[in-house]
Amino acid sequence: MNSDSIGKFKEELAEIYHLQSALAVLRWDEDVYMPPKGSDIRGKTIASLAGMLHDRFVSPQFSRLVRSAKKELDAGRLDEDNACIVREVWREFSREKKLPTEFVKELAETTSKSVAAWKVAREKKDFKRFAPVLRKVVELERRQAEYLGYKSSPYEALLDIYEPGASLEDLEMTFFELRDFLVPFLGRIMGSKVRIKGLPKKDYPLAAQEEFNRFVAARMGFDFEAGRLDVSVHPFTTNFHSYDVRITTRYDRRDPLSSINSTIHEAGHALYEQGIPNGNFGSPLGEAVSLGIHESQSRLWENIVGRSLDFWKYFYPRLRKRFPGNLDGFSLEDFHRHVNAVKPSLIRTEADEVTYSLHIILRFEIEKGLIEGSLAVEDLPKIWRAKMKEYFGIAVPNDALGVLQDVHWPSGLFGYFPTYALGNLYGAQFYAAAKRDILGLEKEMRSGNLSHLREWLRKNVHAHGKRFLADELIRRTSGEPLNARYFMDYLKEKYSRIYGL
Ligand code: CO
């Protein structure tokens, strides 16, 4: 392949990214601005654009270009940038090619029906009603794994979709190590005599909340000239390219932390997207590594930074000033303990930092069992209850508050959950490395200066795009492979202090 044809390949690829970008705008608008009556035709518009995108990606013309680029890659004739681009496009392309069109259609139709059935079942708190549909989804996911190929467990093939290159064996060992630490540690916290005061129940006007959220995001380094902060039911981040990154939050008049925590989380995701060189748009060099690494950025900011005493030393007086009188008599220490209160709960999305990963490990164990065939769908409620009892010490009153709470399984997203817990682990390891590299990191934070940390993340994580797989990235930045110790040590130190253990 001469430079002309690699040029042609990259041109075609950029077109695909432009279509993707347009699709992202439509989806963002659907969740943020679109009036309710727009939903029907918007759905069809998105489906038709998604179809065009897929056709383009697997078209004979693009296939030819990808295949010859792959030959160049295998012959070692590409420079580092092009090698990364071709490697990553090939990963995606060969996956698409392995799945028969008929199968993709069947999976899309089945999961769309299954999400509808799940909504009804959750409302009626009735798992039995949902079981036959879920069984069908599991069966298709297992077929998908067969098409994609794997070494020893079909679950590997699914995990690889969301966390490319992750080893199931390593992941399992890491999760078990984490679980065996968290369960007794949670027990000790629950046994503590420390009682944490709730935030004063007052009215926190939305305008002041919004202003504070924008202030925090700007301090973190979110570039409002290259992004927006809006409102949606479920907070999320999307990007059209690194100069246009959208985040959302949601406001609760009784509790300003609901919006603050989600803004910090989403701004953490957004800093990643804004930190990718804009000139790299249109190829994998302009994209994030994996869901796990993405989540490491949001969780590092939301939890390690955004729930630390150092961070609030600067921000808390400013928060109080925006809500005159509301927080009188509620000290910085009270506030810090409040944002870190640990309480085993039924719902994953409401979980605190200590119990969150346990929710994930529980789901990981179950979904792996389902895909490998060692667990049966009809036994799910029973297994769920047993594990909730074992890990959290709590009883599940009904399936809506148990096995029916998440949209992931009905949507066919098996293999996705682990990325959330990986985010916690990668985040703690990145932060430990940043602390070693940056002199006085926490002192800077106490005076509201977050730029050193942001620049460190930009240089070591964001700027690379997909140049390195997660495993290589963590080795390069921290000097070792993923190690759960960092997260466990962080939790131990912080919560031992808060709970006087
Ligand atoms: Co996130």
Side-chain angles (χ1 to χ4, degrees), residues 80 83-84 87-88 91 151-152 156 159-160 162-182 185 268-269 271-272 275-276 287-305 308 353-354 356-358 360-361 364 415 417-442 445 452-496:
E80 204 195 319
C84 159
R87 181 194 75 209
E88 289 306 316
R91 183 193 305 283
K151 276 199 241 103
S152 51
E156 289 166 5
L159 175 67
D160 197 66
Y162 308 102
E163 205 57 29
S167 138
L168 177 58
E169 209 187 326
D170 291 350
L171 181 75
E172 198 159 29
M173 265 165 46
T174 307
F175 277 8
F176 291 170
E177 185 189 2
L178 183 57
R179 181 195 63 194
D180 293 346
F181 160 73
L182 287 174
F185 189 60
H269 280 304
L271 289 180
Y272 191 173
I276 296 175
E287 279 182 318
V289 178
S290 68
L291 291 178
I293 298 293
H294 227 308
E295 200 64 14
S296 78
Q297 300 304 294
S298 55
R299 282 166 194 267
L300 186 160
W301 283 102
E302 181 193 354
N303 294 328
I304 303 179
V305 175
S308 71
E353 213 182 353
V354 174
Y356 190 90
S357 302
L358 276 177
I360 297 307
I361 293 169
F364 164 74
F417 278 125
T419 67
Y420 294 121
L422 280 172
N424 286 332
L425 303 178
Y426 282 127
Q429 195 162 336
F430 283 135
Y431 190 77
K435 222 163 80 169
R436 283 198 299 268
D437 287 354
I438 304 167
L439 203 66
L441 172 65
E442 276 140 355
M445 208 179 281
H452 291 85
L453 177 61
R454 181 187 65 249
E455 290 311 312
W456 187 93
L457 291 168
R458 183 157 288 181
K459 178 169 154 255
N460 289 289
V461 182
H462 309 166
H464 297 308
K466 268 191 163 67
R467 190 177 303 276
F468 311 115
L469 286 177
D471 181 54
E472 196 185 344
L473 184 71
I474 195 78
R475 283 171 200 267
R476 294 178 70 103
T477 48
S478 74
E480 59 177 313
L482 180 66
N483 185 345
R485 273 273 132 229
Y486 292 100
F487 183 58
M488 297 191 292
D489 287 347
Y490 155 74
L491 291 181
K492 230 186 287 175
E493 196 198 316
K494 176 170 166 182
Y495 290 91
S496 297

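Just so you know, residue 1 is the first one in the sequence shown, and it goes up from there.
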Asks: Using the side-chain contact (heavy atoms from CB on, under 4.5 Å) criterion, which residues pair with Ala166? Sequence neighbours excluded.
Replies: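 Only Leu159, Glu163 meet the side-chain contact (heavy atoms from CB on, under 4.5 Å) criterion with Ala166.
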Asks: Does the salt bridge (Lys or Arg N to Asp or Glu O under 4.0 Å) test come out yes or no for Glu353 and Arg299, once each step is laid out?
Replies: CA-CA 9 Å; Glu353 213 182 353; Arg299 282 166 194 267; over 6 Å; no
Asks: State, with a plain yes or no, whether a side-chain heavy atom of Ile361 is found less than 4.5 Å away from one of Phe417.
Replies: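 Side chain of Ile361 against side chain of Phe417, heavy atoms only: no contact under 4.5 Å found.
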Asks: If only atom types and distance count, is the side chain of Asp160 paired as donor or acceptor with the main-chain N or O of Glu156 below 3.5 Å?
Replies: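 It does not hold such a pair.
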Asks: List in chain and number order the residues that pass side chain to side chain donor-acceptor pair (under 3.5 Å) with His462, two or more places apart in sequence or in another chain; answer none if no residue qualifies.
Replies: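 Testing His462 for side chain to side chain donor-acceptor pair (under 3.5 Å), a comparison that skips the adjacent residues, returns Gln297.
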Asks: Just jot down the side-chain contact (heavy atoms from CB on, under 4.5 Å) partners of Ser298, sequence neighbours excluded, or say none.
Replies: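 Partners of Ser298 by the side-chain contact (heavy atoms from CB on, under 4.5 Å) criterion, ordered by chain and then number, come out as His265, His269, Glu295.
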Asks: Sorted by first residue and then second, give each ring-ring contact (aromatic ring centres under 6.0 Å, His included) pair with at least one member in residues 468-490; sequence neighbours left out.
Replies: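 Listed by first then second residue: His464-Phe468.
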Asks: Are there over 12 heavy-atom neighbours, none belonging to Glu169, within less than 6.0 Å of that residue's CD?
Replies: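 12 or below, so no.
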Asks: Could you pull out all residues at least two apart from Phe185 that satisfy ring pair (Phe, Tyr, Trp, His ring centres under 6.0 Å)?
Replies: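 So Phe185 forms a ring pair (Phe, Tyr, Trp, His ring centres under 6.0 Å) with Phe181.
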Asks: Kindly write out the residues that satisfy salt bridge (Lys or Arg N to Asp or Glu O under 4.0 Å) with Arg179, not counting sequence neighbours, or none if the list is empty.
Replies: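 So Arg179 forms a salt bridge (Lys or Arg N to Asp or Glu O under 4.0 Å) with Glu365.
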Asks: What are the two closest heavy atoms between Pro164 and Ser290, and how far apart are they?
Replies: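 In terms of heavy atoms, the two residues are closest at CD-CB, 3.9 Å.
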Asks: Name all residues meeting the salt bridge (Lys or Arg N to Asp or Glu O under 4.0 Å) criterion together with Lys435; count only those two or more places apart in sequence or in a different chain, and write none if there are none.
Replies: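 Lys435 satisfies salt bridge (Lys or Arg N to Asp or Glu O under 4.0 Å) with Glu442 once adjacent residues are dropped.
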Asks: In a check of side chain to side chain contact (heavy atoms under 4.5 Å, CB included) between Leu457 and each of Leu271, Thr477, Leu300, which one passes?
Replies: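 For Leu457, the side chain to side chain contact (heavy atoms under 4.5 Å, CB included) test succeeds with only one of Leu271, Thr477, Leu300, which is Leu300.
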Asks: For the atom pair CG (Leu482) and CG (Leu171), what is the distance rounded to the nearest 0.5 Å?
Replies: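 Here the rounded value is 8.5 Å.
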Asks: Can you name the salt bridge (Lys or Arg N to Asp or Glu O under 4.0 Å) partners of Asp170, sequence neighbours left out?
Replies: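 For Asp170 there are no salt bridge (Lys or Arg N to Asp or Glu O under 4.0 Å) partners, ignoring immediate neighbours.
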Asks: Please confirm whether the backbone N or O of Ala288 pairs with a side-chain atom of Lys466, one donor and one acceptor, at under 3.5 Å?
Replies: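 Side chain of Lys466 to backbone of Ala288: a pair is present.
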Asks: Between Leu291 and Tyr420, is there a side-chain heavy-atom distance shorter than 4.5 Å?
Replies: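 No, too far: nothing below the 4.5 Å cut-off.
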Asks: Looking at residues at least two apart in the chain, or sitting in another chain, which of them share a side chain to side chain donor-acceptor pair (under 3.5 Å) with Arg475?
Replies: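 For Arg475, the residues satisfying side chain to side chain donor-acceptor pair (under 3.5 Å) (neighbours in sequence not counted) are Asp471.
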Asks: With under 30° as parallel and over 60° as perpendicular, where do the rings of His294 and Tyr272 fit, or are they tilted in between?
Replies: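 If you compare the ring of His294 with that of Tyr272, the planes turn out tilted.
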Asks: I'd like to check the salt bridge (Lys or Arg N to Asp or Glu O under 4.0 Å) partners of Glu302; sequence neighbours left out, ordered by chain and number.
Replies: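 Result, salt bridge (Lys or Arg N to Asp or Glu O under 4.0 Å) vs Glu302: Arg307.
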Asks: So that I can tick it off, tell me whether Lys459 and Glu455 are bridged by a salt bridge, with the cut-off set at under 4.0 angstrom between side-chain N and carboxylate O.
Replies: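 Here Glu455 does not pair with Lys459 in a salt bridge, since their nearest N and O are not under 4.0 Å apart.
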Asks: Please name all residues satisfying side chain to side chain donor-acceptor pair (under 3.5 Å) with Ser478, sequence neighbours left out, ordered by chain then number.
Replies: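 With neighbours one apart ignored, the set is Gln429.
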Asks: Quick one: side chain to side chain donor-acceptor pair (under 3.5 Å) partners of Arg91, sequence neighbours excluded?
Replies: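 For Arg91 the side chain to side chain donor-acceptor pair (under 3.5 Å) partners, ignoring immediate neighbours, are Glu88.
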Asks: Does a side-chain heavy-atom distance below 4.5 Å link Asn424 with Asn303?
Replies: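 Counting from C-beta outward, Asn424 and Asn303 do come under 4.5 Å.
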